[in-house]
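Below: one structure, written as structure tokens.
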2 protein chains.
Amino acid sequence: MATANIKEVARHAGVSLGTVSNVLNRPDMVAPATRQRVLDAITTLGYVRNDSARQLRAGHSRTVAIVVLDVANPFFTDVVRGAEQVIEEAGAMLVVCNSGEDSARERRHLELLEEQRVRGVLITPVDHGPQPNLDKLIDRGIPVVLVDRGTGRVNRCSVAVDDVLGGRLAMDHLLDQGHHRIAYLGGPLSIAQVADRHAGAAAALEERGGDAELRVAVTTSLTVAAGRRAAEELLTLPARQRPTAVFCANDLIALGVLQELTARGLRVPADVAIVGYDDIEFADAAAVPLSSVRQPRDQLGRTAAQMLLEEAESRDTHRHRHVVFQPELVVRRSSDQPRRTRR
Amino acid sequence: MATANIKEVARHAGVSLGTVSNVLNRPDMVAPATRQRVLDAITTLGYVRNDSARQLRAGHSRTVAIVVLDVANPFFTDVVRGAEQVIEEAGAMLVVCNSGEDSARERRHLELLEEQRVRGVLITPVDHGPQPNLDKLIDRGIPVVLVDRGTGRVNRCSVAVDDVLGGRLAMDHLLDQGHHRIAYLGGPLSIAQVADRHAGAAAALEERGGDAELRVAVTTSLTVAAGRRAAEELLTLPARQRPTAVFCANDLIALGVLQELTARGLRVPADVAIVGYDDIEFADAAAVPLSSVRQPRDQLGRTAAQMLLEEAESRDTHRHRHVVFQPELVVRRSSDQPRRTRR
DNA sequence: TATAGCGGCTAAAACGTTTCATCTAGCCGA
DNA sequence: TCGGCTAGATGAAACGTTTTAGCCGCTATA
């Protein structure tokens, strides 16, 4: 059964085509009796609006896209949930595209989205350099908001979380607890987040002066296994040189460290304190609940979506903004034990 | 700058409008020289196809939707990745919608998707009962494939994984290892998966005869915390009645059990063996790597997508199918130790 | 030499909306 | 009685494609 169109509805209700459209879009412009007749016709015919035609007329669609690096990554899933909320409240629709860290796929997605004349694009781009694809979108008048990447570009909005501050928070906490020998575990340093978190930690240490030292162990990846290996390394040190606290670039590494240390008979936090990063769901559920730096992920998504909608509404008066959120340290058992200052 | 349309391209290239369309859609129908002229015009004008117009003409879009219960759930993210792969290979686009287990949102999504005349819908419906929304879609000629839900409806395809078999596999394994006192932990039983996995385990036990016994402990949720509580309960039993193996309805529970047992000084698997379900990423990374029943999640997505595309291609000749996949037991350390039969 | 066939192209119709300029009928005030 | 006004409804144009019927000029065939 071919779907009924607006013309059939009009005929069925004995009105003109324009009237049906008015019922749909500006219901109070049409007399109640007529309106009811039209609505009846709509239900009896099972009429459903044709969005293509609507979009064609309008010149743009009512969907917003978000292009993420990995749909399965909890960071992005939370961002998506936040964005979704805002977009849906605005009566629009959010479509999620997955670039899978593949710039060819990213480009393909952007092309399709452009063909669809989407209202705007939230994106964490695969590449860090110049982004001709995104510039093209913007030239076409499609607003783009960068998520967690390269704040500061002049022709688009962005949202991000301050990783340097995150590093600071973790380090300040460990220093407050009285630790003097501290390690930073994470890598590769080519990942901006890893480098920033380290920079923050180092800066905090610097500022506090004192005699505390920060040992850096670069891992090859941000996985549980890498964390275990790093912990093994630490254990080769003589006890008196061994760090009494480790700050990990993410929670997976931290969990690996936790596992390896307890397996080798060390107590957390009594012998070694641990602070992770990301506050993933498992941080709280670990054998020893893990202290971690939490990023306001869904707020990231919400804000990005709001900025996008705002730009889409008022392109001319819009001024691009770059919002940086502050992370927050969640202290749990893994680092919650002040260290007797013995020296 | 308003986007150029096909007519401008035609004028610019000195050909008719239809020729441009042919260059776009059936390039080899047009003489090489002309084709090149058109292509040049396209690039110099920065022409981008307008998908709305295309869809309007075609009567349907080239996008397929997947509606999941939770974008952040690893099960669904893997299904999405599988589906994505197939859909993209077919030159279409997959949009991910999140119902968040809220049937109102689900309905809203389906309405929008219907307005968009999507090519088809993959969905794990929120409600188990009759599904008038889906029936409506199908009446309209939009193919629907059920994912991991209510196989056997006659007017749509479905894919699922055999949870009963999964329960069997786990139980057979534990019996093979020589266990006689076994516990099943999970709940609430109102969740079909939880009930099915138990049913499978019970059936396996039944068939094997023997004197082994299965103790069932119903938990209130499928979380790490629930697993810990369940383990605590088990520990109140006198050692001689305590199960020597537990099969958990999912990995979160299993991880909770593992944590609690080791915290209380029991060894896994020597004192108690554990088998989980789902084979989440953390199963392999746990303190004691966790045996688990793995579901072919991305294959679920791939197959569902294939069935959908097939149905969309040939609606008339299409026969609905219900594919049930078999799960697979991944044995790791947590259950990898035959038990000396001492009785 | 007439004709059929064919490659290459054109012109026009159609898809289903929204919008906008008009039209009509009814009412009020002059 | 007439002109002006308004609420309500109309009809046509426009959005940008794809598709289809048909045209033109050429070559191969009878």
- prompt: Which pairs pass side-chain hydrogen bond (donor to acceptor under 3.5 Å, both in side chains) with one or both residues in residues 89-101 of chain A, sequence neighbours excluded?
  reply: Asn98(A)-Glu84(B)
task: Quick one: label Asn25(B) by what it contacts on the DNA or RNA (base, sugar-phosphate, nothing), any heavy atom closer than 4.0 Å.
output: sugar-phosphate
- request: Report which part of the nucleic acid Thr34(B) touches: base, sugar-phosphate, or nothing (heavy-atom distance under 4.0 Å, all strands).
  value: sugar-phosphate
In plain terms, say whether [X] and [Y] are close enough for a salt bridge, that is, a side-chain N and a carboxylate O under 4.0 Å apart.
| X | Y | result |
| --- | --- | --- |
| Arg54(B) | Asp51(B) | yes |
| Lys136(B) | Asp139(B) | no |
| Arg156(B) | Glu311(B) | no |
| Glu310(B) | Arg321(B) | yes |

Phosphate OP1/OP2 of dT18(C) contacted by Arg49(A) side-chain N/O (<4.0 Å): yes
message: Between Thr19(A) and dT10(D), is there a contact of a side-chain N or O with OP1 or OP2 at under 4.0 Å?
response: yes
Specify the separation, in whole Å, of atom [atom1] of [X] and atom [atom2] of [N].
| X | N | atom1 | atom2 | result |
| --- | --- | --- | --- | --- |
| Asn50(B) | dT18(D) | CG | P | 10 Å |
| Arg26(A) | dT18(C) | CZ | P | 9 Å |
| Gln55(B) | dT19(D) | CD | P | 14 Å |
| Ile6(B) | dA14(D) | CD1 | P | 19 Å |
| Leu17(B) | dG8(C) | CG | C1' | 16 Å |
| Arg37(B) | dG8(C) | CZ | P | 13 Å |
| Arg11(A) | dG16(C) | CZ | C1' | 15 Å |
| Arg57(A) | dG16(C) | CZ | C1' | 11 Å |

field: Relative orientation of the end axes in the helix from dT1(C)-dA30(D) to dA30(C)-dT1(D), expressed as an angle to the nearest 10° (five pairs per end)
entry: 60°
Between [options], spot the one nearest the side chain of [X], thanks.
| X | options | result |
| --- | --- | --- |
| Ser21(A) | dT19(C), dA9(D), dC15(C) | dT19(C) |
| Asn5(B) | dT18(C), dT17(C), dG16(D) | dG16(D) |
| Asn22(A) | dT17(D), dA12(D), dT10(D) | dT10(D) |

query: Just wondering, are more than 12 heavy atoms of other shown residues or ligands nearer than 6.0 Å to CZ in Arg37(A)?
result: yes
- prompt: Where do His320(B) and His322(B) land on the ring pair (Phe, Tyr, Trp, His ring centres under 6.0 Å) test, with the steps shown first?
  reply: CA-CA 7 Å; His320(B) 295 299; His322(B) 303 282; 7.6 Å; no
- prompt: Quick one: on DNA chain C, does Ser16(B) or Ala58(B) contact a more 5' nucleotide (nearest heavy atom)?
  reply: Ser16(B)
message: Heavy-atom nearest nucleotide on DNA chain C for Val20(A) versus Asp28(B): which residue maps closer to 5'?
response: Asp28(B)
